[in-house]
Amino acid sequence: MTTGTMDPSRQRDLPHTTDPNTFTPSHRTLRQSLRRTLGAVAAVLLFLAVGLGLGAPAQASLENNRYDGNIFALYAGNGSLVPPRSSLELALQEHRVAVVVYYLDDSSVSKRFAPVVSELQRVWGNSVELIPLVTDPLRPGGKAGAGDLPSGDPSRYWSGLIPQVVVFDRDGQVVFDANGQVEVDAINGAVSQATGLPLPAPSGLGSTRSFNELNSEVVSGGR
């Protein structure tokens, strides 16, 4: 009578397919090829990340005219400034005091001016409409042809230079218009005049002071 027991000698001859360390030469070659392919893909992805500027924040600097991203978030720690909550046209229609700031994200002078714009928001809050505008979409030389443009068109007031700050009173009249690194206290004086609100204290000739390659702060002349 026979039983279901297999001859031990025949068991030793069967392939142990469950042993993970048993591979044919073709299996080893496949694994090596897969590793090389994955390594090549990783290298290409890294190259594309650098080439597309995904590492740009590490290279950001106040000293160049390179696009680094939202200058208010990067250089003033305030990304809430853009997009502006209102347009110039709407602000004039609602008879609100408006402060328009013309700038470019890929401009070193605009980068340096970013903390001033953020300080204006901190000081005046909802008392004014603060409207930072990039100049790329604006009509060049709008100021020269002001008669052809409606009063709510920001191109009408742009001088062609950046940064530029224009303050409008409740009647839509320009009460302040200046280019360059405008002192924050000069802008505050114009806003105080337009709103009838007191000047923030302390008053003086405000300026910006850099404290590292990426950031600066607004200080008053008395500090």
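Because the structure is a prediction, the values reported are computed rather than measured. Along the sequence shown, the residues carry numbers beginning at 1.
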Check [X] against [Y] and note the closest heavy-atom contact, atom names and distance.
| X | Y | answer |
| --- | --- | --- |
| S151 | R156 | N-NH1, 3.7 Å |
| Y67 | D106 | N-CB, 3.8 Å |
| A114 | Y75 | CB-CB, 4.4 Å |
| P154 | L138 | CG-CD2, 4.1 Å |
| P198 | W124 | O-CH2, 3.7 Å |
| V134 | P137 | O-CD, 3.3 Å |

Taking C-beta and beyond as the side chain, do [X] and [Y] meet within less than 4.5 Å on heavy atoms?
| X | Y | result |
| --- | --- | --- |
| V117 | V99 | no |
| I162 | T135 | yes |
| V165 | V100 | no |
| Q193 | V191 | no |

In terms of the angle between their ring planes, are W158 and Y102 parallel, tilted or perpendicular, with boundaries placed at 30° and 60°?
parallel
Quick one: does [X]'s side chain have a donor or acceptor within less than 3.5 Å of a partner on [Y]'s backbone?
| X | Y | result |
| --- | --- | --- |
| S107 | L104 | no |
| Q181 | V109 | yes |
| D171 | Q173 | no |

Kindly determine whether N70 and L74 satisfy side-chain contact (heavy atoms from CB on, under 4.5 Å), including the steps that lead there.
CA-CA 6 Å; N70 181 338; L74 188 57; over 6 Å; no
Run the side-chain contact (heavy atoms from CB on, under 4.5 Å) check on S87 and I131 step by step: do they pass?
CA-CA 7 Å; S87 66; I131 309 173; 5.9 Å; no
Roughly how far, to the nearest 0.5 Å, is [atom2] of [Y] from [atom1] of [X]?
| X | Y | atom1 | atom2 | result |
| --- | --- | --- | --- | --- |
| L88 | S155 | CG | OG | 10.5 Å |
| Y103 | K111 | OH | NZ | 13.0 Å |
| L197 | S192 | CG | OG | 7.0 Å |
| S80 | R85 | OG | CZ | 10.0 Å |
| F72 | L81 | CZ | CG | 5.5 Å |
| L130 | Q121 | CG | CD | 6.5 Å |

Testing the 3.5 Å rule here: is there a donor-acceptor pair between the side chains of [X] and [Y]?
| X | Y | value |
| --- | --- | --- |
| N65 | S108 | yes |
| N126 | R96 | no |
| S110 | D105 | no |

Starting from L92, can I reach V174 by hopping between I/L/V/M/F/W/Y residues whose side chains sit under 4.5 Å apart?
yes
Might you work through the side-chain contact (heavy atoms from CB on, under 4.5 Å) test for S127 and V97, ending with a clear yes or no?
CA-CA 8 Å; S127 300; V97 173; over 6 Å; no
Output yes when D153 and R139 qualify as a salt bridge under the 4.0 Å nitrogen-oxygen rule, no when they do not.
no
What verdict does the side-chain contact (heavy atoms from CB on, under 4.5 Å) test give for V101 and F113, after you've listed the backbone C-alpha separation in whole Å, the side-chain angles of each residue and the deciding distance to 0.1 Å?
CA-CA 10 Å; V101 180; F113 196 63; 4.0 Å; yes
Between F168 and Y157 (judged by ring centroids, cut-off 6.0 Å), do the two rings come close enough to count as a pair?
yes
